2 protein chains.
Amino acid sequence: MMPRKSRAETMEANRQKLISAAREAFATAGFASASMDELTASVGLTRGALYHGFGDKKGLLAAVIAQVDGEMATRAKEAGAQVNDPWESLLAEATAYIEMALDPQIRRIVLLDGPAILGDPSQWPSQNACLATTEQAVADLVARGVMKPVDVEAASRLLSGAAFDAALWVGASDAPDIALPKAVHAYRTMAEGFLAK
Amino acid sequence: MMPRKSRAETMEANRQKLISAAREAFATAGFASASMDELTASVGLTRGALYHGFGDKKGLLAAVIAQVDGEMATRAKEAGAQVNDPWESLLAEATAYIEMALDPQIRRIVLLDGPAILGDPSQWPSQNACLATTEQAVADLVARGVMKPVDVEAASRLLSGAAFDAALWVGASDAPDIALPKAVHAYRTMAEGFLAK
DNA sequence: GCACATTGCATACGGAGCGTATGTGAGCTG
DNA sequence: CAGCTCACATACGCTCCGTATGCAATGTGC
């Protein structure tokens, strides 16, 4: 009865502890300034665990981003599902992205450090759940004729990219609570360029 | 007759040599991996010159970005000036941004590393000439009633941000020459959301 | 024009961090 | 229960950044 925790269990637990600590450290210090010695020590481990489980520092970032990206896509889908009109549903998803990205953790890790370290989001290993969900919605709207017949990949990339860019602008603004409605309104206006007449 | 070069002249020359070398090094290796020892040695100097003239590594990046940003804004203005119709002039500027950002140097330094190291472009020390020029054009179009009466700051930020995002997508694409026209077309379509009816 | 102050840049030093190579002890296996 | 496995710890070397100090050439007051 001794092994209250099996080997695989503690391994997964340690993995999550590291990812959780990394979300905090990467968000507050930034990827470059985050010390892996401190990070691992803060959860009672050493760098040995890190390099065994994630390969290198970038690997840990990729794991963090994959997790956050998944959470964001889930929340966006939920927001979109609460609206019936298909076009408004897409805008609800996008607005959800903007509001989620006001979280400094997300801005710093996913929007700033992520592209710089891992390259353009379109070729992240986690295959970008956020981008995939908007692409799905856009493909549907184009098929229904709600949106003009534009290239689905390009349009969805522009829509999600603009949403995150709007969030970066709001987050860097002096008065985010004032900038947010401006950004959302401008975003909706711009997105309507895709609407079929 | 000895001092063929005055002190101020050599100082400015060294400054430009460092900036020029940094554009190359930051673009190929990325900001984080660029060694300042190698960089300074490549132009016959040492890190002493760097820290005296730019403060730190980030300072050199800021100087590089200020220079590139200025060049981009100039080229965009030229592209816009070649078109008479004011709305098409704005689109010409934006398309110029997309095409310029296909240069790997610009993508890597200005679009990827820049925001990660210096923060959101809206608050760069060089006060972002690119953003300023599109803001100028947008303000004019709103005043003329060509564009809907949206918030100028928000709209111009979305327009320039989307242009650069489009370039990132094209640059990361497998077949950039195929993706580019798709991106430009989708961009134009989306931007028309701002057009007054 | 000469002594002196200035300063742009080089040299030297210390510290931190990453990645790897190797060790080890707790769990799985037969 | 004996031996293997492997997740993780330990130890090492290397690179790199930032600062403190030194120096020599340029510019300045008299």
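Everything numeric here is computed off the predicted structure, so don't read it as measured data. Every heavy atom of this structure was used, including side-chain atoms; hydrogens, water molecules and symmetry mates were not. Every chain is numbered from 1, with letters handed out A, B, ... down the list of sequences.
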Quick one: [X] [atom1] to [N] [atom2], roughly how many Å, whole number?
X	N	atom1	atom2	answer
B/E9	D/dG27	CD	P	9 Å
B/R15	C/dC9	CZ	C1'	15 Å
A/L50	C/dG19	CG	P	9 Å
A/F26	C/dG17	CZ	C1'	13 Å
B/K57	C/dG17	NZ	C1'	13 Å
A/F54	D/dA7	CZ	C1'	13 Å
B/L45	D/dA24	CG	P	18 Å
B/L18	C/dG8	CG	C1'	12 Å

Any side-chain heavy-atom pair of [X] and [Y] under 4.5 Å:
X	Y	result
A/L91	A/W87	yes
B/L112	B/L168	yes
A/E93	A/T134	yes
B/L39	B/L60	yes

Of the options [options], whose atoms approach the side-chain atoms of [X] most closely?
X	options	answer
A/E38	D/dC16, C/dC18, C/dG17	C/dG17
B/D56	C/dC18, D/dG18, C/dA10	D/dG18
A/M11	C/dG8, C/dC18, D/dA7	D/dA7

Report which part of the nucleic acid [X] touches: base, sugar-phosphate, or nothing (heavy-atom distance under 4.0 Å, all strands).
X	result
A/G44	sugar-phosphate
A/A34	sugar-phosphate
A/S35	sugar-phosphate

Discussion item. So, does B/H52 get its side chain near the phosphate of C/dC9, meaning an N or O under 4.0 Å from OP1 or OP2?
Written reply: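 No, outside the criterion.
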
Can you find a side chain N or O atom of B/N14 that sits less than 4.0 Å from OP1 or OP2 on C/dC9?
->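 For C/dC9, OP1 or OP2 has a side-chain N or O of B/N14 closer than 4.0 Å.
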
**Item:** base_contact_polar (D/dG18 base, B/R47 side chain, donor-acceptor, <3.5 Å)
**Value:**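 Indeed, a donor on one side and an acceptor on the other fall under 3.5 Å apart.
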
Below 4.0 angstrom, N of the basic side chain to O of the carboxylate: do B/D120 and B/R157 qualify?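 The answer is yes: the pair qualifies as a salt bridge.
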
5'-most by nearest nucleotide on DNA chain C - B/A49 or A/G55: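 By nearest-heavy-atom nucleotide position, the 5'-most residue is B/A49.
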
